[in-house]
Amino acid sequence: MRPVRNIAVELIKSRRAHSSVAAVRLRGEMCKELKTKVLRLLPQSCSGPSVHQEGFTDGAEVLSCTVKALKEGHVVAVPTDTIYGLACLTQNSEAVKKIYDIKGRNGNKPLAICVGEIQDIYKFCKVKVKEALLADLLPGPVTLVFERSEVLNTDLNPFTSLVGVRIPDHGFMRRLCQMCAEPLALTSANISSHTSTVEVHEFQELWPKLAVVVDDGPIGDHSRLGSTVVDLSVLGKYRIIRPGCALSSTVDVLEHKYRLSEDSGKNDLV
């Protein structure tokens, strides 16, 4: 008969082994569930290329990973020049539906599109203002609303003939649009009606539903107002849909430089 002490030691070893196996199994299950890639952008250096830092990912690698996720039909979280956003490919109807589901967003609320260059706007919108006006406001914290063109996905905002378009003043976002070679559908990275976010941890509850979260640290001026949204679909007129963070400078350009007058009529994006 074995001594009681030996039996006790074997029991303890057995329990430790069981606990270890359970822990490994649990970690494996967690890894299967947590498919989201959180990628932290390297800070941009004014004096030259970014230098590798622990915990950060090279911009080219982040772009490549994000483009791949978008082309596979996923939704990603991205930084802009104002707040963090959720994005997917505009022309992918299933991905557009995912954004609404993730946010719990009312299906009658429109999504804006995001492009990399001013010339891209003409492919997806019917522009009635001078190109110089676009160049004065974009890239920047402004969403310009125009009549949509026929090439834009009909499942995007099917309830309106208008669409808002953005070119954020953010190098990563502009390059992302260029690499995708089509516009991104873009909305704020938060649950619908909740506060806009300026750091990625503020929308952490959404991470499990996203393929990639691009972390560029704290962004914007922390006003959380988002872009100024202005309707330019009526010739010679403008209408402010959302004041946003750049209202006074935008109105100054529209009225004083281009002599547009404010339109008080109702707009079908409101």
Side-chain angles (χ1 to χ4, degrees), residues 41 43-44 66 76-88 90 99 103 105 109-122 124-125 127 129-146 157 162-178 180 183-190 192-200 202-203 214-233 238-258 260 262 267 269-270:
L41 279 172
Q44 292 299 304
T66 309
V76 301
V78 290
T80 73
D81 50 355
T82 53
I83 56 178
Y84 275 92
L86 299 182
C88 72
T90 296
I99 280 194
K103 282 180 62 77
R105 186 175 176 84
K109 287 188 175 181
L111 300 178
I113 66 172
C114 178
V115 298
E117 301 291 345
I118 286 174
Q119 288 304 315
D120 296 331
I121 297 175
Y122 293 89
F124 302 98
C125 304
V127 180
V129 297
K130 295 179 180 179
E131 186 172 341
L133 185 155
L134 301 183
D136 278 338
L137 296 177
L138 302 172
V142 182
T143 300
L144 302 181
V145 177
F146 299 106
N157 312 336
L162 305 179
V163 67
V165 60
R166 281 215 67 194
I167 305 179
D169 189 11
H170 194 286
F172 174 85
M173 279 301 294
R174 295 186 66 188
R175 185 68 184 128
L176 181 63
C177 291
Q178 291 162 0
C180 287
L184 302 180
L186 186 66
T187 184
S188 56
N190 58 343
S192 193
S193 80
H194 287 203
T195 305
S196 298
T197 57
V198 294
E199 297 190 54
V200 295
E202 295 178 342
F203 58 92
V214 179
D215 182 1
D216 196 25
I219 57 173
D221 60 3
H222 289 263
S223 69
R224 303 176 188 268
L225 292 176
S227 63
T228 294
V229 183
V230 54
D231 180 3
L232 296 176
S233 62
Y238 78 89
R239 184 172 191 275
I240 300 298
I241 297 174
R242 183 177 71 193
C245 64
L247 178 61
S248 59
S249 58
T250 301
V251 170
D252 185 60
V253 167
L254 296 175
E255 290 189 351
H256 299 135
K257 187 168 184 178
Y258 294 97
L260 300 188
E262 186 169 11
N267 163 315
L269 283 184
V270 177

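From a predicted model like this one, the values you see are computed outputs, not experimental measurements.
- Summarising the geometry of D169 relative to P139, their closest heavy-atom pair is CA-CB, 3.8 Å, with the distance given to 0.1 Å.
- When all heavy atoms are compared, the tightest approach of L86 to K103 is CD1-CG, 3.6 Å.
- Between S233 and R239, the side chains place no donor N or O within less than 3.5 Å of an acceptor N or O (distance only, hydrogens not considered).
- Looking at R224, its side chain never comes within 3.5 Å of a backbone N or O of I83 through a donor-acceptor pair.
- With values rounded to the nearest 0.5 angstrom, I113 atom CD1 is found 10.5 Å from L186 atom CG.
- Of all the heavy atoms in S227 and T143, the pair that sits closest is OG-OG1, 2.7 Å.
- With rounding to the nearest 0.5 angstrom, the CD atom of E262 is 6.5 Å from the CD1 atom of I240.
- Closest non-hydrogen pair, L184 versus M173, comes out as CD1-CE, 4.1 Å.
- Side-chain contact between C177 and E117: absent, with no pair of heavy atoms (C-beta onward) separated by less than 4.5 Å.
- A distance of 8.5 Å separates CD in E199 from CG in D215, rounded to the nearest 0.5 Å.
- Under the 4.0 Å criterion applied to side-chain N and carboxylate O atoms, D136 and K130 are not assigned as salt-bridge partners.
- The side-chain contact (heavy atoms from CB on, under 4.5 Å) with R166 is formed by just one residue from the set I121, V229, T82; it is T82.
- With contacts defined as side-chain heavy-atom distances shorter than 4.5 Å, the pair D216/H170 qualifies.
- Side chains of N190 and Y84 form no contact here, defined as non-hydrogen atoms less than 4.5 Å apart.
- With contacts defined as side-chain heavy-atom distances shorter than 4.5 Å, the pair I167/I118 qualifies.
- With sequence neighbours left out, the ring-ring contact (aromatic ring centres under 6.0 Å, His included) criterion links F124 to no other residue.
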Worked check of side-chain contact (heavy atoms from CB on, under 4.5 Å) between V76 and V214: CA-CA 8 Å; V76 301; V214 179; 6.0 Å; no
Stepwise, does the side-chain contact (heavy atoms from CB on, under 4.5 Å) test hold for F203 with H194? CA-CA 10 Å; F203 58 92; H194 287 203; over 6 Å; no
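- Side chain of Y258 to backbone of A132: a donor-acceptor contact under 3.5 angstrom is found.
- The shortest side-chain heavy-atom distance between T66 and F172 falls under the 4.5 Å cut-off.
- Evaluation of the salt bridge (Lys or Arg N to Asp or Glu O under 4.0 Å) rule for R105 yields no partner, not counting sequence neighbours.
- The line from CG of L144 to OG1 of T228 is 10.0 Å long, rounded to the nearest 0.5 Å.
- The closest side-chain heavy-atom distance from L260 to L232 is below 4.5 Å.
- A 4.5 Å side-chain heavy-atom check between E202 and S196 finds every atom pair outside the cut-off.
- Here the side chains of I219 and D81 are not in contact, with every heavy-atom distance at 4.5 Å or above.
- Contact detail for T197 and A189: the closest heavy-atom pair is OG1-O, 3.0 Å.
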Going through the checks in order, is the side-chain contact (heavy atoms from CB on, under 4.5 Å) test met by L133 and L254? CA-CA 8 Å; L133 185 155; L254 296 175; 3.9 Å; yes
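- In plain terms, the two heavy atoms of L111 and A185 that are nearest each other are CD1-CB, 4.1 Å.
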